[in-house]
Undergrad: 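Dropping the structure in here first, questions after.
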Amino acid sequence: MLTIKLDEIEDKGLSLEGETDPSDFPQLVELAREEIASFPEPIHYRIEISRLMDLIEVKGHVSTELRLACGRCLDSYQIPFSSDFLVTYSKSLPDCFDDDDEETELSAEEMGMTLISGEELSLLEPLQEQLLIALPVQPLCSRDCKGLCPFCGDNLNLNRCDCTEESFDTRFAALKNFKVEE
């Protein structure tokens with residue numbers, strides 16, 4: 001599944017389109033298990049693979065639905081996700097020369113390439129990578145989410161909090177009743 005034999009890539013290229021289950025991606029399963037993010041819908045993909053001498057270029061589009069917990073109010077929300085990507089593969093790194101025509105050694109990463117070993121190319125990794133890159137650092141259900149009351153825990157988006165607790169900087173809560181004896 002989503003593994004291509006290199007000799008299947010013809011001169012005119014190869015096109016793939018379909019969907020796959022999020023459970024096919026180990027890191028996405030782990031995110032769901034840890035309740036960080038889940039993917040409730042199948043992952044749709046459209047991929048164009050072309051060969052240029054020893055290079056294989058994979059252009060793709062991936063889309064699905066992403067379910068997250070808001071970082072302020074903790075409510076679960078779902079958003080659409082869509083991303084385009086481009087990955088270049090090579091069986092070996094091309095020679096590189098600096099300004100003085102001396103050969104320099106660059107890594108595959110520095111050249112923007114991924115090395116292929118064997119005669120097959122798995123497309124699961126670039127698809128999974130795109131989904132992981134898309135995860136927001138601070139997921140918010142909306143820009144103006146009010147979050148939770150720091151005293152009673154009420155969702156301030158749903159209820160107006162009537163806490164009588166004094167308002168103070170909670171970073172100093174441990175010092176609230178501190179008194180210096182003389």
Side-chain angles (χ1 to χ4, degrees), residues 1-98 103-143 145:
M1 188 199 111
L2 283 174
T3 300
I4 306 300
K5 292 186 186 308
L6 296 180
D7 57 2
E8 291 176 355
I9 305 170
E10 301 173 6
D11 291 339
K12 64 179 181 179
L14 179 65
S15 295
L16 301 171
E17 189 167 346
E19 63 181 42
T20 185
D21 193 80
S23 64
D24 294 336
F25 302 92
Q27 291 180 333
L28 302 185
V29 170
E30 184 65 21
L31 288 175
R33 190 184 66 72
E34 293 177 5
E35 298 180 0
I36 295 171
S38 65
F39 299 84
E41 301 287 327
I43 297 167
H44 303 276
Y45 59 85
R46 191 174 57 251
I47 299 172
E48 299 289 329
I49 304 171
S50 58
R51 182 187 296 265
L52 177 64
M53 296 174 23
D54 290 338
L55 300 178
I56 296 172
E57 187 176 81
V58 177
K59 288 183 185 180
H61 177 81
V62 63
S63 63
T64 189
E65 291 288 320
L66 180 59
R67 181 172 295 283
L68 300 162
C70 178
R72 290 184 188 160
C73 69
L74 305 180
D75 278 351
S76 179
Y77 68 100
Q78 191 165 312
I79 56 172
F81 165 77
S82 156
S83 178
D84 294 317
F85 63 95
L86 174 66
V87 182
T88 303
Y89 294 91
S90 178
K91 283 195 160 221
S92 63
L93 293 176
D95 293 331
C96 294
F97 296 91
D98 64 12
E103 193 170 15
T104 61
E105 190 171 321
L106 297 175
S107 70
E109 187 176 299
E110 290 172 322
M111 296 178 88
M113 293 184 195
T114 304
L115 288 177
I116 303 172
S117 61
E119 295 302 314
E120 293 184 334
L121 176 63
S122 174
L123 300 175
L124 283 175
E125 187 61 34
L127 290 178
Q128 177 174 256
E129 192 174 276
Q130 288 303 306
L131 295 164
L132 293 172
I133 289 171
L135 293 175
V137 175
Q138 177 68 26
L140 295 176
C141 61
S142 72
R143 273 185 157 169
C145 177

Undergrad: Assess whether side-chain contact (heavy atoms from CB on, under 4.5 Å) is satisfied between Leu2 and Asp24, documenting all intermediate values.
TA: CA-CA 10 Å; Leu2 283 174; Asp24 294 336; over 6 Å; no

Undergrad: Would Leu68 and Leu135 count as a side-chain contact (heavy atoms from CB on, under 4.5 Å) here? Give the steps.
TA: CA-CA 9 Å; Leu68 300 162; Leu135 293 175; 4.2 Å; yes

Undergrad: Which residues pass the side chain to side chain donor-acceptor pair (under 3.5 Å) test with Glu48, not counting sequence neighbours?
TA: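 If we apply the side chain to side chain donor-acceptor pair (under 3.5 Å) test to Glu48, skipping adjacent residues, the hits are Ser15.
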
Undergrad: Holding to salt bridge (charged side-chain N to carboxylate O under 4.0 Å, His left out), I want the full list of residues that pass it with Arg33, two or more places apart in sequence or in another chain.
TA: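 Per chain and number, Arg33 pairs via salt bridge (charged side-chain N to carboxylate O under 4.0 Å, His left out) with Glu30.
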
Undergrad: Measuring only between side-chain heavy atoms, which start at C-beta, is Pro26 closer than 4.5 Å to Gln128?
TA: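 Answer yes - side chains close enough.
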
Undergrad: Go through the steps for Phe25 and Ile43 under the test side-chain contact (heavy atoms from CB on, under 4.5 Å), then give the verdict.
TA: CA-CA 10 Å; Phe25 302 92; Ile43 297 167; 3.6 Å; yes

Undergrad: Using the salt bridge (charged side-chain N to carboxylate O under 4.0 Å, His left out) criterion, which residues pair with Glu34? Sequence neighbours excluded.
TA: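 Applying salt bridge (charged side-chain N to carboxylate O under 4.0 Å, His left out) to Glu34 gives none.
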
Undergrad: Listed by chain and number, what are the side-chain contact (heavy atoms from CB on, under 4.5 Å) partners of Leu6, not counting sequence neighbours?
TA: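 Expected list: Ile9, Arg51, Ile56, Lys91, Ile116, Glu119, Leu121.
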
Undergrad: Is there a side-chain contact between Pro139 and Tyr77 in this structure, where contact means two heavy atoms from C-beta onward sitting under 4.5 Å apart?
TA: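 They are in contact (side-chain heavy atoms under 4.5 Å apart), so the answer is yes.
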
Undergrad: If only atom types and distance count, is the side chain of Ser38 paired as donor or acceptor with the main-chain N or O of Ala32 below 3.5 Å?
TA: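 No, because the side chain of Ser38 does not come within donor-acceptor range (under 3.5 Å) of the backbone of Ala32.
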
Undergrad: By side-chain contact (heavy atoms from CB on, under 4.5 Å), which residues pair with Ser82, not counting sequence neighbours?
TA: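 Residues passing side-chain contact (heavy atoms from CB on, under 4.5 Å) with Ser82: His61, Ser63.
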
Undergrad: Mind checking what makes side chain to side chain donor-acceptor pair (under 3.5 Å) contact with Glu125, not counting sequence neighbours?
TA: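 Here no residue qualifies.
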
